[in-house]
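Below, read A as the first sequence line, B as the second, and so on, with proteins coming before strands; counting in each chain starts at 1. What you see is a predicted model; the values in this text were computed from it and never measured.
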There are 2 protein chains.
Amino acid sequence: MALEHAILVSLLEKPGSGYELARRFDRSIGYFWTATHQQIYRVLKRMESDGLLAVREMPQQSRPDKKEYCVVGPGRAALSQWLHESIQPESIRHELAVKIRGAAFDDPSVLIREVERHRQVHSDRLAHYLAGELRDFTGPAAPTLLDAGQELQYVVLRGGIAYERMTIAWLDDVLATLRRLGTSHPQA
Amino acid sequence: MALEHAILVSLLEKPGSGYELARRFDRSIGYFWTATHQQIYRVLKRMESDGLLAVREMPQQSRPDKKEYCVVGPGRAALSQWLHESIQPESIRHELAVKIRGAAFDDPSVLIREVERHRQVHSDRLAHYLAGELRDFTGPAAPTLLDAGQELQYVVLRGGIAYERMTIAWLDDVLATLRRLGTSHPQA
DNA sequence: CTTGGCTATGCAACGAGTTGCATAGAAGGA
DNA sequence: TCCTTCTATGCAACTCGTTGCATAGCCAAG
């Protein structure tokens, strides 16, 4: 049910349509929770029929109408209740780590390009985060005093930055290891 | 299909039964890929009928019989093929980060205990990893020269250690932020 | 001697997530 | 003019993952 809660948070930060949510899930919120538009539309419909959200048809010029969703009382209450529950610490699913261990049973050097590609993606994400940090929190245009919501957004962003930095450093370690092993023969 | 590949890797490292795999997925492999025993039994059955695995009934004394699975030719080929394919960099699902952003719409201090609990879990995991590192790689009983398989296991373990250290530091940052915000009123 | 825990396997039902496809108007470039 | 891209929503089918339950023998503690 975590998608529901991610949607509640995102809509409380700013009401919007399914389409807009889908784009947010490609950016900001999406760095910590991903979802496709199919999932979002389906869940929005359910949440609306459960009375967590209100919907308004918004006619627009020169583009299709949209349905703008907005959190109402019971939705807020549901979020609050969830905040009071405890969740179990995330279990990572790190496919690349499985691949690296699997490389012992093939030629490890086949992974070099793959790891380089991943490194590039993480490096791009880091740059994106750092740009956001400068824009919203540390740059000249940023507010000098943050409110609670901004403080919390910033601490989450700092987490993203720390994660990407750690990952890049680790991928460098992986690359060095793969190169050191060279094109050795498969074993076991 | 990633569970299939994680199972192939684990069974190549050492053949075993569904039950044994389930326990491995609570430990070593499970730090990078989780699965419940239900999932594992189901997938093992499918993989066996697809000819990726061979199974032997192993009668045991003083405990139930087990079925020991072992990777055969086509399974190895499937793994090799997967290693040559590219996967998309993982999209994290960090529920706690969603909660932290959601705390802006409630009392942020309700999260303090939750975050402390998560910190404890990560701290325990780190201790577990470090013990494994000492036992298998850096301690006096460890081999002085590692083969490729051990090198790869070690680099994955180093990733786990880096991840836990980063996470603990971030959770400390989160705790400091939550405490600084105190029991301020909900906003927005 | 009964209760609870460990090994060992499995079914059934449900919910979460993915992939492919479909519609439809408007804008902009080849 | 046609083709693609962007906004905007949605269905259908499928796979993946979780939860609850069931069985069954052995062992150890109370």
*Measure from CZ on B/Phe25 to C1' on D/dT18 and round the result to the nearest Å.*
16 Å
*Rounded to the Å, how far apart are B/Glu95 CD and D/dT18 P?*
12 Å
*asked:* Nearest whole Å is fine: how far is C/dA8 P from B/Arg56 CZ?
replied: 15 Å
*Remaining members of A/Tyr163's ILVMFWY cluster at a side-chain heavy-atom cut-off under 4.5 Å?*
A/Ile92, A/Met166, B/Ile92, B/Tyr163, B/Met166
*Are A/His122 and A/Trp170 near enough that their ring centres are under 6.0 Å apart?*
no
*Can you name the residues that form a salt bridge (charged side-chain N to carboxylate O under 4.0 Å, His left out) with B/Glu20, not counting sequence neighbours?*
B/Lys66
*Give the rounded distance in Å between these two atoms: CD of A/Glu20 and P of D/dA8.*
6 Å
*For A/Glu4, enumerate each residue passing the side-chain hydrogen bond (donor to acceptor under 3.5 Å, both in side chains) test, keeping only those at least two apart in sequence or located in another chain.*
A/Arg46
*Round to the nearest Å and state the distance from A/Glu4 atom CD to C/dG15 atom P.*
12 Å
*Tell me whether the guanidinium CZ or amine NZ of B/Arg158 lies under 6.0 angstrom from the six-membered ring centre of B/Tyr154 and within 45° of its axis.*
yes
_From CD of A/Glu68 over to C1' of D/dT9, roughly how many Å is that when rounded to an integer?_
15 Å
_Based on the rotation axes of five pairs at each end, what angle does the helix from C/dC1-D/dG30 to C/dA30-D/dT1 bend through, to 10°?_
20°
*Nearest-Å distance, CG (A/Asp65) to P (D/dC6)?*
21 Å
*Is any side-chain N or O of A/Lys66 closer than 4.0 Å to OP1 or OP2 of D/dT7?*
no
*Rounded to the nearest Å, what distance is computed from the OH atom of residue A/Tyr41 to the P atom of nucleotide D/dG10?*
7 Å
*Anything under 30° is parallel, anything over 60° is perpendicular, the rest tilted; go ahead and classify A/Phe32 against A/Tyr129.*
parallel
*asked:* C/dT9, OP1 or OP2 - any side-chain N/O from B/Lys67 closer than 4.0 Å?
replied: no
_Residues in side-chain hydrogen bond (donor to acceptor under 3.5 Å, both in side chains) contact with A/Asp124, at least two apart in sequence or another chain_ = A/Gln120
*Go through the steps for A/Glu48 and A/Lys67 under the test side chain to side chain contact (heavy atoms under 4.5 Å, CB included), then give the verdict.*
CA-CA 11 Å; A/Glu48 196 248 317; A/Lys67 298 184 182 174; over 6 Å; no
*Which nucleotides of nucleotides 17-26 of chain C have their base under 4.0 Å from a protein heavy atom (B), which only their sugar-phosphate (S), and which neither (-), written as one string 5' to 3'?*
BBBBB----S
*Could you tell me whether the phosphate oxygens of C/dT7, OP1 or OP2, come under 4.0 Å of any side-chain nitrogen or oxygen in B/Tyr19?*
yes
*Will you find, in the side chains of A/Gln81 and A/His5, an N or O donor that is under 3.5 Å from an N or O acceptor?*
no
